[in-house]
Enquirer: 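Sending over a structure as structure tokens; questions will come in a sec.
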Amino acid sequence: MPVAPLDLLDLDDLLTDEERAMRDLVRRVADDAVRPHVAGWYERGEAPVRDLTRTFGEVGLLGMHLTGYGCAGASAVAYGLACLELEAADSGVRSLVSVQGSLAMYAIWRYGSEEQKQRWLPGMAAGELIGCFGLTEPDHGSDPAGMATRARRDGDGWVLTGGKMWITNAPVADVAVIWARAEEGVVGFAVPTGTPGFTAREVRNKMSLRASATGEITLDEVRVGDDARLPEARGLRAPLSCLTEARFGIVWGSLGAARDCLHTAIAYATSREQFGRPIAGFQLTQAKLADMALELQKGWLLALHLGRRHDAAGLRPEQVSAGKLNNVREAIAIARQCRTILGANGVSAEYPIMRHANNLESVLTYEGTSEIHQLVLGQALTGVSAFA
Ligand code: FAD
């Protein structure tokens, strides 16, 4: 039997029994609830986000690395493994879980009042309520400091005006974490999406993350009480810290998409014959497979190292940048290389490779583009900022 590409080096031995059990559970959930359907969702550009959220809530995946309020309190490594297994099914489905847990729930958990936590977190952990996280705007992506969305004090409350773009889960969300500029700097709000003046329009025509709901939010004089403001969030550091949380999940998740591509390519190469023999027997094919398996395993070791450090002492942002930059870059290279092994079938929706490759284009861009992560590392190495 050929060695399973994920475990050429017996890396499974580095996990605890509990971590392996969590990994296996999430793999089963993804196999049952996502894999059989996801190609159809992707083709139609839709996903049953509410049903999936409930399913993931039932098994404790939402905000699983947070504590209290119905959250599972799992380790960073267990959370990472869950992201990997979900993204092996589809990056859009992993995005749903990342945005819910690491962006929307984390923002409320870390920066919210006790009342806000009680109001939102148990329902979000259970999958009954869906959250989104609005930072990016049409004219401000990599440079969120330039945001144009405004929060103006109005008596005891606030008025929010502006717009957010490319917001995952927005069309189906019950609560939107919205970042806006106020007189005192950047502030955050947990806005019920039914508030008058709040609208979320679905972004259509995506060629990537098609099994994920993405929205454009308009804030037209949205009035909220001061109890909607996240009291502990002061300045841009708050949303950036949420992004660091979510990026950690991507360090792992991207490897899932790559693993699924490699499994597919190996299975295909061993059965597809050309010139009278399986294409797996050609040295050029084997060189590709060997290099991809190595990158996958190196990426996994990097993810595990970051996960163990996260659990022991926390991570610096540039450490998460290193993981996201490397693992997404390698995952997309693996997906593209696997595509070549399937020849024309590689572009068919009958196989998952093109879907993963297209999804990874979004993963390369969101949560900080690869260029931005290079600049983060460049600044950490030299002490000089090259951002502006
Ligand atoms: P830009 O910032 O305009 O960048 C364009 C190019 O210029 C990139 O290659 C970039 O690397 C490069 N560039 C920019 N500045 C520099 C520089 N200083 N030096 C060198 N190169 C530079 N956002 C949210 O807030 N919430 C979400 O839930 C969310 N979900 C998303 C889902 C999808 C499917 C996608 C595609 C995006 C999502 N985003 C979300 C937005 C995402 O975070 C932004 O797209 C990302 O930050 C990049 O911003 P931009 O698209 O405006 O690109």
Side-chain angles (χ1 to χ4, degrees), residues 41-42 45-47 49 87 90-107 130-149 162-173 175-181 186 188-189 191 193 200-217 219 236 238-247 249-250 253-254 257 321 324-325 328-329 332 355-379 384-388:
W41 298 338
Y42 192 91
E46 63 184 33
V49 175
E87 195 149 352
D90 191 78
S91 304
V93 171
R94 195 269 308 141
S95 299
L96 183 171
V97 171
S98 290
V99 168
Q100 174 88 349
S102 285
L103 291 179
M105 290 177 73
Y106 179 80
I130 298 176
C132 68
F133 181 91
L135 180 64
T136 304
E137 300 184 353
D139 294 330
H140 305 278
S142 299
D143 182 17
M147 70 174 68
T149 298
K164 299 289 174 180
M165 187 63 188
W166 296 109
I167 307 305
T168 302
N169 293 352
V172 287
V175 58
V177 171
I178 296 290
W179 301 96
R181 186 167 290 286
V186 172
F189 296 87
V191 181
T193 54
R201 187 183 63 84
E202 176 120 26
V203 175
R204 295 270 168 209
N205 302 329
K206 280 179 300 168
M207 302 303 286
S208 173
L209 285 198
R210 289 177 57 76
S212 168
T214 311
E216 175 176 8
I217 293 174
L219 302 153
L236 198 59
L240 296 186
S241 74
C242 302
L243 294 178
T244 301
E245 283 295 302
R247 282 169 190 155
I250 295 173
S254 53
S321 285
K324 201 235 172 197
L325 174 64
V328 179
R329 189 162 63 185
I332 206 165
R355 173 168 55 80
H356 284 308
N358 284 355
N359 280 340
L360 286 166
E361 295 290 345
S362 287
V363 180
L364 194 70
T365 285
Y366 69 21
E367 308 282 350
T369 66
S370 46
E371 293 82 3
I372 292 299
H373 291 300
Q374 285 176 313
L375 297 184
V376 171
L377 293 179
Q379 185 172 6
V384 181
S385 166
F387 281 94

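Counting from 1, the numbers follow the sequence of the chain as shown. Atoms within a ligand are numbered from 1 in the order they appear, just like the ligands themselves. We use all heavy atoms of the structure for the numbers below, so side chains are in, but hydrogens, waters and symmetry mates are not.
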Enquirer: Would you say Ser95 and Tyr366 are linked by a side-chain donor-acceptor pair, where the criterion is simply a distance under 3.5 Å?
Expert: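 Yes, side-chain donor-acceptor contact under 3.5 Å.
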
Enquirer: State whether the side chain of Thr244 and the backbone N or O of Leu240 hold a donor-acceptor pair below 3.5 Å, judged by distance alone.
Expert: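 Side chain of Thr244 to backbone of Leu240, a donor-acceptor pair under 3.5 Å: yes, one is there.
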
Enquirer: Would you say the side-chain atoms of Glu216 pair up with the backbone N or O of Met165, donor to acceptor, closer than 3.5 Å?
Expert: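 Checked: no pair found.
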
Enquirer: Please say whether Thr214 places an N or O atom under 3.5 Å from an N or O atom belonging to ligand 1.
Expert: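 N/O-N/O distance below 3.5 Å does not exist for this pair.
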
Enquirer: Which one holds for Lys164 and ligand 1: side chain close, backbone close, both close, or neither close, with close meaning a heavy atom under 4.0 Å?
Expert: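 No part of Lys164 is near ligand 1 at this cut-off.
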
Enquirer: So, for atom 6 (C) of ligand 1, does the protein have a heavy atom nearer than 4.0 Å?
Expert: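 Looking at atom 6 (C) of ligand 1, one finds that no protein heavy atom lies closer than 4.0 Å.
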
Enquirer: Under 3.5 Å, N or O to N or O, is Asp143 touching ligand 1 that way?
Expert: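 Such a contact does not occur with ligand 1.
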
Enquirer: Strictly less than 4.0 Å: does any protein heavy-atom distance to atom 30 (N) of ligand 1 fall in that range?
Expert: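 Protein heavy atoms within 4.0 Å of atom 30 (N) of ligand 1 - there is at least one.
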
Enquirer: Please name all residues satisfying side chain to side chain contact (heavy atoms under 4.5 Å, CB included) with Met147, sequence neighbours left out, ordered by chain then number.
Expert: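 Result, side chain to side chain contact (heavy atoms under 4.5 Å, CB included) vs Met147: Leu135, Glu137, Lys164, Trp179, Arg181, Val186, Leu236.
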
Enquirer: N/O to N/O below 3.5 Å, does that happen between Tyr366 and ligand 1?
Expert: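 Tyr366 vs ligand 1: no N/O contact under 3.5 Å.
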
Enquirer: Measuring to protein heavy atoms, does anything land under 4.0 Å from atom 17 (C) of ligand 1?
Expert: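 Yes, because at least one protein heavy atom sits under 4.0 Å from atom 17 (C) of ligand 1.
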
Enquirer: Under 4.0 Å from a heavy atom of Leu135: give me the atoms of ligand 1 that qualify, with their elements.
Expert: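 Counting from 1, the qualifying ligand atoms are 25 (O).
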
Enquirer: Using distance alone, determine whether Trp166 and ligand 1 share an N or O pair under 3.5 Å.
Expert: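 In this structure, Trp166 places an N or O atom under 3.5 Å from an N or O of ligand 1.
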
